Amino acid sequence: MLAAMFSGRHHIPTDAEGRYFIDRDGSYFGDILNFLRCGELPPRSRVKMVYKEAQYYSIGPLLDLLDKMQPLTGEKVRQAFLDLMPYYKDHLERIIEIGKLRAMQRKARFAKLKVCVFKEEMPITPYECPQFNALRFERSESESKHFEHQCDVDVSFGPWEAVADVYDLLHCIVSDLSKRGITVEHQCIGVCDKHLVNHYYCKRPIYEFKITWCHGSNSDIDNNGYMEKMDSAQFNIHVFPDCLKK
C-alpha cells in the first residue's frame with residue numbers, strides 16, 4: 001500500500017507547503033519507517049498499534065514478524081480458548097448490565113453477582129472422583145438428561161473441552177472487564193448443591209463478583225462504610241418529655 005501510494009498512479013493530497021497528507025495516526029509511523037530502513041521492530045508496548053498500521057499499509061514482512069511477538073501471540077492463544085464458548089461476549093455483556101442495574105437500584109457504588117464457572121458438565125460426589133472418567137462415558141443420552149439443570153446464578157460459563165481450566169476463564173473475564181474500565185473482584189463462595197438424581201449433586205463452583213462502578217474519596221468511602229454498618233445495626237431510641245429533663 002505504501003509503495004502504491006507513491007507510485008504515481010494515485011493522487012495524494014498535499015498541504016500548502018507540498019507535504020503529503022496521510023490520514024493516519026502519526027505516532028506509530030516512525031516505527032514503520034524504522035522497520036523499512038533497518039528492520040527494527042517496535043517494543044512490546046507498541047506492537048498492537050504498529051500491527052494495525054502495518055495492516056493499513058499492507059507491509060507483509062512486518063506483519064509476519066509482529067504476528068509472532070507478544071502480546072499478539074498470547075491473544076491468539078487466548079482467543080482460541082474463548083472460541084470454545086461462542087456465548088462468551090454475550091454473557092460478559094450480561095454481567096455488565098446486571099451489575100449496572102443492581103447498583104442503580106440500590107443507589108450503591110458497587111453490585112454483587114453470582115457467576116457459575118465450570119469446566120466439566122458431569123456432576124460428581126466426593127466418593128466418585130476416582131471413577132470420574134469412567135462414569136462420564138457410560139451414561140446414555142436419556143440418563144444424561146437427569147443431570148441437565150440451571151444453577152441458581154446470574155450468569156453461567158461452561159462446559160468446555162480444553163486444557164485451560166476455570167481459573168483461566170476467570171482471568172479472561174476479569175481482564176476483559178478491566179479493559180472496559182470496570183473494577184471487579186471475585187471469590188469462590190461455594191458450590192451448587194442442587195440434588196439431581198439418587199446421590200448425585202451438581203457441585204459446580206459458584207463465584208461472587210463484586211463490580212465497583214465509582215470510586216469516591218477516602219472520606220466518601222468511610223462514610224459509605226459507616227452507613228452500611230448503620231443499616232445493619234439495630235438501635236433503641238428513647239425520647240423523654242421535657243418535664244422529665246429536670
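Everything numeric here is computed off the predicted structure, so don't read it as measured data.
Looking only at side-chain heavy atoms (C-beta outward), Leu41 and Met69 come within less than 4.5 Å of each other. Under the 4.5 Å side-chain criterion, counting only non-hydrogen atoms from C-beta, Ile211 is not in contact with Phe110. Taking 4.5 Å as the limit, some side-chain heavy atom of Trp213 sits within range of a side-chain heavy atom of Lys100. Side-chain contact check for Lys114 versus Ile189: some heavy-atom pair is nearer than 4.5 Å. Contact check for Tyr28 versus Met49: side-chain heavy atoms found under the 4.5 Å cut-off. In this structure the side chain of Tyr51 reaches within 4.5 angstrom of the side chain of Gln55, judged on heavy atoms. Side-chain contact between Lys119 and Leu169: absent, with no pair of heavy atoms (C-beta onward) separated by less than 4.5 Å. Side chains of Leu62 and Tyr57 form no contact here, defined as non-hydrogen atoms less than 4.5 Å apart.
Ile98 and Leu92 end up in the same hydrophobic cluster when Ile, Leu, Val, Met, Phe, Trp and Tyr side chains are linked at under 4.5 Å. Hydrophobic clustering of Ile, Leu, Val, Met, Phe, Trp and Tyr side chains at less than 4.5 Å, counting indirect connections, unites Leu36 with Val47. Note on Val77: it does not cluster hydrophobically with Tyr167, by side-chain heavy-atom contacts below 4.5 Å among ILVMFWY residues. Note on Leu177 and Phe81: same hydrophobic cluster, where clusters join Ile, Leu, Val, Met, Phe, Trp and Tyr whose side-chain heavy atoms are under 4.5 Å apart, directly or indirectly. Connection of Val50 to Tyr56 is established within a shared hydrophobic cluster, with ILVMFWY side chains joined at heavy-atom distances below 4.5 Å, either directly or through further cluster members.
Counting all heavy atoms, side chain and backbone alike, Pro205 lies closest to Val191 at CA-CG1, 4.1 Å. Closest of all the heavy-atom pairs between Cys151 and Cys202 is SG-SG, 3.7 Å. Taking both residues in full, the closest heavy atoms of Arg102 and Lys112 are given as NH1-O, 2.9 Å, listed atom of the first, atom of the second, then distance. The two residues Pro42 and Asp31 have their closest heavy-atom pair at CB-OD1, 3.7 Å. Residues His186 and Val174 come closest through the heavy atom pair ND1-CG2, 3.6 Å. Scanning both residues, Lys68 and Asp64, for their nearest heavy atoms gives CG-O, 3.5 Å.
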- Residues Phe35, Leu65; criterion side-chain contact (heavy atoms from CB on, under 4.5 Å); working and verdict: CA-CA 11 Å; Phe35 175 77; Leu65 291 172; 3.7 Å; yes
- Item | Full working for side-chain contact (heavy atoms from CB on, under 4.5 Å) between Leu170 and Phe209 | CA-CA 10 Å; Leu170 287 171; Phe209 274 56; 3.9 Å; yes
- Steps toward side-chain contact (heavy atoms from CB on, under 4.5 Å) verdict (Ile59, Ile32): CA-CA 9 Å; Ile59 306 176; Ile32 299 293; 3.5 Å; yes
- Using the side-chain contact (heavy atoms from CB on, under 4.5 Å) rule, take Glu208 and Val115 through it: C-alpha gap first, then chi angles, then the decisive distance, then the call. CA-CA 6 Å; Glu208 180 183 75; Val115 179; over 6 Å; no
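No cation-pi contact links Arg24 to Phe29, judged by a cut-off of 6.0 Å to the six-membered ring centre and 45° from its axis.
Between Lys76 atom NZ and Asp83 atom CG the span is 12.5 Å, to the nearest 0.5 Å. The CZ atom of Arg109 lies 6.5 Å from the OG1 atom of Thr212; values are rounded to the nearest 0.5 Å. In this structure, CZ in Arg37 is found 10.0 Å from CD in Glu40, a value given to the nearest 0.5 Å. Considering CG of Leu82 and OH of Tyr87, their distance stands at 10.0 Å, rounded to 0.5 Å.
In this structure, His91 contributes its side chain and Ser156 its backbone to a donor-acceptor pair below 3.5 Å. A donor-acceptor contact shorter than 3.5 Å links the side chain of Thr73 to the backbone of Asp67.
No option in Val184, Ile173, Asp154, Ile182 other than Ile173 meets the side chain to side chain contact (heavy atoms under 4.5 Å, CB included) test with Ile95.
Taking the charged nitrogens against the carboxylate oxygens, Arg46 and Glu53 have no contact shorter than 4.0 Å, which rules out a salt bridge. Ion pairing between Lys52 and Asp25 fails under the 4.0 Å rule for side-chain N and carboxylate O. With salt bridges taken as basic N to acidic carboxylate O contacts below 4.0 Å, none links Arg94 and Glu97. The pair Glu75-Lys48 meets the salt-bridge criterion, since a charged nitrogen lies less than 4.0 angstrom from a carboxylate oxygen. At a threshold of 4.0 Å, the pair Asp193-Arg204 does not count as salt-bridged, since none of the basic side-chain nitrogens sits closer than that to a carboxylate oxygen.
More than 12 heavy atoms of other residues, nucleotides or ligands lie within 6.0 Å of CG in Asn34, so this atom counts as buried by the packing criterion. By the neighbour-count criterion of 12 heavy atoms within 6.0 Å, atom NZ of Lys179 is densely surrounded, having more than that number from other residues, nucleotides or ligands.
A donor-acceptor contact under 3.5 angstrom links the side chains of Asp176 and Tyr88, judged on distance only.
For Tyr207 and Phe118, the ring centers are positioned 6.0 Å apart or more.
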